Amino acid sequence: MNRLIDQMTSKRGRWVTLIVWVVLTAMLSMTLPNVNSVEDNSSQLLDDQVMSVKAQKIIKEEFPNENGMPLLIVWERSGGLEKDDYHTIQQLYVELTKHPLKEMGDLPPFSKLPIQALAKGTSKDGEAIITPIFIHNGADQDVLKADVQAVKDKIKQLTNKETVEGDVSTPGLHVRLTGPVGISVDAVSLFSKADLTLLFSTVLLVLILLIVLYRSPILAIVPLIAVAFAYGLAGPILGAMAKNGWITVDAQAVSIMTVLLFGAGTDYCLFLVSKYRENLLYEENKITALQKALKHSGGAIAMSALTVVLGLFTLLLARYGSYIHFAVPFSLAVLIMGLTALTFLPAVLSLLGRSAFWPFIPRTKEMTQKLSEAKKRPIKQRKAHGAFSQHLGEWVTNRPWQILVGSVVILGILALMTPNIKYTYGLLDSFPKDMPSRVGYSMIEKHFASGDLAPVQVIVDTEGKTLSVSERLKDLPFIESVSEAQSGTHHKNLVRYDVVLNQNPYSTEMVNAIPEIKDQVRLALKDAGITTKDHYWIGGETSELYDTEQITQRDQTVIMPTVIAIIALLLLLYLRSIIAMVYLILSVLLSYFAALGLGWVILHHLMGADALQGLIPLYAFVFLVALGEDYNIFMMSSIWKHRKTHSIKESIRKGVTETSSVITSCGLILAATFAVLATMPMEVLLQFGIVTAIGVLLDTFIVRPLLVPSITAILGRWAFWPGKWWKTDAITAHAKSSSESDQ
């Protein structure tokens, strides 16, 4: 490793390193598709073994809908629809008959129906009506978008712009397009508008924070250049993998990957930069200073990156699609960023030298004295660490018990908020409330029976016997109605019932009622003497939400312990201390639950969120535990280094002093980049960004500088067990003299 560092930072080696990075990035960018161009936002999120997915496949084969996918047009007027409104509906369908949409399938004959007949489909309050347009299954997303826009344009021509885009609370006719087609088009449109905004916002925010924190325009740009090269390499590689079908990448994964690269990437860069700056205060030769910085921080950076890579890679153990889609892009992005920080960044710093820190250039005492003599005025010698960092190190080692109790109480109180969290797994709940298709669904729910929005589909293999499925289901208190039995096209023993619920089919209560429906179907089969498994299937959106909840909970129980085990093993190998590994893991877990609790308080009580997206706990866990251990590793590596020649107390003081400022800077930047996700239109990204940002800040200002060092100070030499803890007393005399000389 040392020889590699020496070669890489030599005059020839740094140019070779830069050329390799530039050529490789350029070649891949020109020859491979970027990951943004191969996003797949329509892939199936539940696997084929899930009951709702099996039911959907049976419905497609045995009970096909030849009409296609519905684009639902919701017409609403407060006080009641008027004759002119029905006439407008007729005119729209006349236009669609004359000028069909590109992917239009069957078109209901509303243009030929008398107004009296058309009005029979109006809601009981007379204020709303739904008219569908059917679109061919499998239509291209761009064509769908064009067809939806064409319908909106026709409605605007027949009425006015406010009808389609105005505030639905104002008087007059209001129209919204929803249903599967409308929701799909709106979802894709949201991300297409937000991707560039997210990228530019993240870059600008990181640039401003770096300038404010380090007061150097050059140093602010250098990490961003490193991140840009990492992104330039990761994007095409992921694009090629997605194009070949090896992985699936959706818009959410790309958005979070961008933030992760800038947040974690800047952290790794600053770990090296801070140590380089410190060495420049004692070493006149810039290359020697850089080599020492790399040898000191390179291991911590590599271990930190490896921790995050393996932690994120565990998402491949999931069964839910969104988790799986995240695993490879995130792991690969962090891996490439770690390599960038250890190769590309040192090559750039070796060229820039001290000028990277302009105008506050770090110099040795001798260099500062010579410059003062040359300019004939006193020039202040810069210190390696500020007064606050030194006071913090002394405070933690002098009052460990008070700090430990205070930290645990604060984090514990926040963690106690987690049992109050309510979760939702609904797709519409993750969209902005003003998204047209969500507004359209709200209009349907307002004027029509809730259960009509999404009936539960019950499919039974009767084996030719008479079953009491309908009778049993009708006895359930939450069932509004059960349709007549419909036999399958190819297999007549397969029978389908459409069950309408009397409450919102997306509500938690109805999702939790799915097991009761299953029980009644099983009893009906048992009454007929059918006890074989796989003789019934429950489909529909409510059943899909139930399966999503069950699968995500299963993923949590598998992935969370796996992440803990992997990180525990890495900490054990790196620190060689079982005790340290245990309390570092416990500190991160406490921080995670505190972040979840505080996040719920902010999202629910301050921002009005009814529930937390059900995917958030695992998303936040993997990121906060993996990224949190980054800071643990960086700080503990400093303490472990000093304990070779100093007392335990002095090692902790020096470790906290050396790392507090850089960890604070990194934490602020990482939290800010995740907070940028709050500007995204998807509720799941907003909530994930806020919860993760809170967790990073708790790690930065409580766990890392206070809780972990205080525990280490209290445990004393036992913190190193079973490492070479017995040698600690033997170095006390040398430590005391070293400490005095350092002072």
Side-chain angles (χ1 to χ4, degrees), residues 9 14 203-228 262-263 265-294 296-297 301 341 344-393 634-635 638 654-670 672-673 700 705 742-743:
T9 52
R14 59 193 180 190
V203 172
L204 183 61
L205 181 63
V206 172
L207 181 62
I208 292 173
L209 285 174
L210 285 171
I211 291 175
V212 170
L213 292 171
Y214 286 91
R215 297 172 294 172
S216 169
I218 299 175
L219 186 59
I221 295 173
V222 169
L224 292 180
I225 295 174
V227 173
F262 278 94
T266 304
D267 279 8
Y268 297 150
C269 291
L270 293 185
F271 286 166
L272 176 60
V273 167
S274 65
K275 183 54 62 175
Y276 183 39
R277 178 185 176 277
E278 180 183 333
N279 285 339
L280 287 173
L281 294 172
Y282 306 105
E283 178 60 53
E284 184 172 347
N285 187 291
K286 66 177 184 179
I287 301 300
T288 304
L290 180 60
Q291 291 171 346
K292 289 182 177 179
L294 261 176
H296 179 274
S297 59
I301 293 172
F344 177 84
L345 180 64
V348 174
L349 290 177
S350 67
L351 289 173
L352 295 174
R354 286 180 165 82
S355 61
F357 301 88
W358 181 88
F360 301 98
I361 298 175
R363 300 181 179 90
T364 64
K365 290 182 179 179
E366 293 77 10
M367 294 174 68
T368 303
Q369 186 176 356
K370 290 179 180 178
L371 187 62
S372 298
E373 294 173 355
K375 292 193 174 184
K376 298 181 180 179
R377 61 181 177 86
I379 296 178
K380 186 178 180 181
Q381 169 66 22
R382 304 204 172 277
K383 296 181 179 180
H385 310 290
F388 177 79
S389 297
Q390 295 178 358
H391 290 318
L392 182 64
F634 196 66
M635 185 188 69
S638 181
K654 283 181 170 292
V656 172
T657 300
E658 284 183 359
T659 61
S660 61
S661 61
V662 65
I663 287 178
T664 300
S665 302
C666 292
L668 287 172
I669 291 172
L670 186 60
T673 53
T700 302
D742 287 340
Q743 295 282 354

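All values reported here derive from a predicted model rather than from experimental measurement. Numbers here simply count residues along the sequence, with the first being 1.
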Identify the two heavy atoms, one from [X] and one from [Y], that lie closest to each other, and give their separation to 0.1 Å.
| X | Y | value |
| --- | --- | --- |
| T364 | E284 | CG2-N, 3.7 Å |
| A672 | L205 | O-CD2, 3.3 Å |
| T664 | S660 | OG1-O, 2.6 Å |
| G667 | T700 | CA-OG1, 3.2 Å |
| Y268 | A341 | CB-CB, 3.8 Å |
| A220 | L210 | O-CD1, 3.2 Å |

At what distance, to the nearest 0.5 angstrom, does [atom1] of [X] lie from [atom2] of [Y]?
| X | Y | atom1 | atom2 | answer |
| --- | --- | --- | --- | --- |
| I218 | R354 | CD1 | CZ | 14.5 Å |
| I663 | L270 | CD1 | CG | 11.5 Å |
| D267 | L272 | CG | CG | 13.0 Å |
| T266 | L224 | OG1 | CG | 6.0 Å |
| L349 | F357 | CG | CZ | 6.5 Å |
| H296 | E658 | NE2 | CD | 5.5 Å |

Do V206 and V227 have side chains that get closer than 4.5 Å, going by heavy atoms?
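No. Closest side-chain heavy atoms not under 4.5 Å.
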
L392 side chain reached by T657 side chain, heavy atoms, under 4.5 Å:
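A side-chain contact is absent here, since even the closest heavy-atom pair is not under 4.5 Å.
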
Once you measure the plane-to-plane angle for F634 and F271, does it fall in the parallel (<30°), tilted (30-60°) or perpendicular (>60°) bin?
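Geometry flag for F271 against F634: parallel rings.
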
Carefully, step by step, assess V222 and L352 under the rule side chain to side chain contact (heavy atoms under 4.5 Å, CB included).
CA-CA 10 Å; V222 169; L352 295 174; 3.6 Å; yes

Do side-chain atoms of S216 reach the backbone of W358 as a donor and acceptor pair under 3.5 angstrom?
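Yes; at least one donor-acceptor contact below 3.5 Å.
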
Any donor-acceptor N/O pair, K286 side chain to L280 backbone, under 3.5 Å:
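No; zero donor-acceptor contacts below 3.5 Å.
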
